[in-house]
Chemist: 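Dropping a structure here in structure tokens format, bear with me for questions.
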Amino acid sequence: LQLQASGGGLVQPGGSLRLFCAASGFTMDSHTIAWFRQAPGQERVPVSVIDASGDTVYYADSVKGRFTISRDNAKTTVYLQMNNLNPGDTAVYYCAADPRSPNRFTWFFTSQYHYWGQGTLVTVSS
């Protein structure tokens, strides 16, 4: 089972990026997928989560209205569209998977996710 995050890069403040989380070795369409991020010297924090069907999504307050999570189960890919980026969004972004449905009280704990992928670096700077 593998998860691979990609799509990171350098972007100017106010710009946009789209991250991708691709899965192999398991049925992604039966798993909740979450995005977390970790800035240098800081702990890993939640960004967003989407359930297996794509009907339930949650966002961290810091990204609400700017980021959109979505999924294409046929392509075994989850997307994170990030708009109006600011330097505070600079971090390594990780995707994680779990077979359980997300709960709005617990989705933001890293311990809720059984599988983790390699991260992709997003740098927001002028």
Chemist: Applying a strict under-4.5 Å side-chain criterion to I, L, V, M, F, W and Y, I'd like to know whether Trp107 and Tyr93 cluster together.
Modeler: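 Different clusters.
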Chemist: Contact between Tyr59 and Trp35 at the side-chain level, heavy atoms closer than 4.5 Å - yes or no?
Modeler: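 In short, these two side chains do not touch, never coming nearer than 4.5 Å.
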Chemist: Measuring from atom CD of Gln38 to atom CG of Leu121, what distance do you get when rounded to the nearest 0.5 angstrom?
Modeler: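 These two atoms lie 12.0 Å from each other.
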Chemist: Test of understanding: clusters of I, L, V, M, F, W, Y form through side-chain heavy atoms closer than 4.5 Å, transitively. Do Trp116 and Ile69 belong to the same one?
Modeler: no
Chemist: Do Ile50 and Leu17 share a hydrophobic cluster (ILVMFWY, side-chain heavy atoms under 4.5 Å, transitive)?
Modeler: yes
Chemist: If we only count heavy atoms from C-beta on, is the Leu10 to Ser125 side-chain gap below 4.5 Å?
Modeler: yes
Chemist: Which atom names give the shortest non-hydrogen contact between Ser126 and Pro13, and what distance separates them?
Modeler: N-CD, 3.7 Å
Chemist: Can you find a pair of side-chain heavy atoms, one from Phe67 and one from Leu85, that are under 4.5 Å apart?
Modeler: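 Result yes, sub-4.5 Å side-chain heavy-atom pair found.
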Chemist: Using only atom types and a distance under 3.5 Å, with no angle test, would you say the side chain of Thr76 pairs donor to acceptor with the backbone of Met28?
Modeler: no
Chemist: What heavy-atom pair brings Ala60 and Pro46 nearest, and what distance separates the two atoms?
Modeler: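 In this case the closest contact between Ala60 and Pro46 is CB-O, 3.4 Å.
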Chemist: Calculate, to the nearest 0.5 Å, the distance between atoms CD and OG belonging to Gln4 and Ser24 respectively.
Modeler: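 Reported value, rounded in 0.5 Å steps: 9.0 Å.
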Chemist: Just verifying a value: how many Å separate Asp98 CG and Gln112 CD, rounded to the nearest 0.5 Å?
Modeler: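 Between Asp98 CG and Gln112 CD, I get 7.0 Å after rounding to 0.5 Å.
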Chemist: Could you tell me whether a side-chain N or O of Arg44 sits under 3.5 Å from a main-chain N or O of Tyr94, the two making a donor and an acceptor?
Modeler: no
Chemist: Quick check on the 6.0 Å ring-centre criterion: do Phe108 and Tyr58 meet it?
Modeler: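 Ring-ring flag for Phe108/Tyr58: false, centres at least 6.0 Å apart.
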Chemist: Taking the side chain from Thr120 and the backbone from Gly8, do they hold a donor-acceptor pair closer than 3.5 Å?
Modeler: yes
Chemist: Can you tell me how far CE of Met82 sits from CZ of Arg37, rounded to the nearest 0.5 angstrom?
Modeler: 8.5 Å
Chemist: Test side-chain contact (heavy atoms from CB on, under 4.5 Å) on Arg100 and His31; report intermediate values, then the result.
Modeler: CA-CA 7 Å; Arg100 296 167 295 181; His31 283 68; over 6 Å; no
Chemist: Indicate whether any N or O donor in one side chain lies under 3.5 Å from an N or O acceptor in the other, for Ser16 and Asn83.
Modeler: yes
Chemist: Is there a side-chain contact (heavy atoms from CB on, under 4.5 Å) between Val47 and Leu80 once you walk through the steps?
Modeler: CA-CA 9 Å; Val47 175; Leu80 185 69; 4.1 Å; yes
Chemist: Got a donor-acceptor contact below 3.5 angstrom from the Asp51 side chain to the Pro102 backbone?
Modeler: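 Checked: no pair found.
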Chemist: Cluster question for you: counting only ILVMFWY and a side-chain heavy-atom cut-off of under 4.5 Å, with indirect links fine, are Phe20 and Ile33 together?
Modeler: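 Result: no, two separate clusters.
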Chemist: I want to check something: taking the side chain as every heavy atom from C-beta on, are Val49 and Val57 in contact at a cut-off of under 4.5 Å?
Modeler: no
Chemist: Rounded to the nearest 0.5 Å, how far does CD of Gln81 lie from OG of Ser48?
Modeler: 12.5 Å
Chemist: Between Arg71 and Tyr79, is there a side-chain heavy-atom distance shorter than 4.5 Å?
Modeler: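 When only atoms from C-beta onward are counted, Arg71 and Tyr79 do not touch, as no gap falls below 4.5 Å.
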Chemist: Of all heavy-atom pairs between Arg66 and Asn84, which one has the smallest distance, and what is that distance?
Modeler: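 Heavy atoms only, the tightest pair is NH1-O, 3.0 Å.
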Chemist: Restricting to non-hydrogen atoms, name the atom on Asn103 and the atom on Phe105 that form the minimum distance, rounded to 0.1 Å.
Modeler: OD1-N, 2.6 Å
Chemist: Near Gln2 CD, under 6.0 Å, is it more than 12 heavy atoms from other residues, nucleotides or ligands?
Modeler: no
Chemist: Are Leu3 and Tyr113 connected into the same hydrophobic cluster when the rule is that any two of I, L, V, M, F, W, Y join if their side-chain heavy atoms are below 4.5 Å apart?
Modeler: no
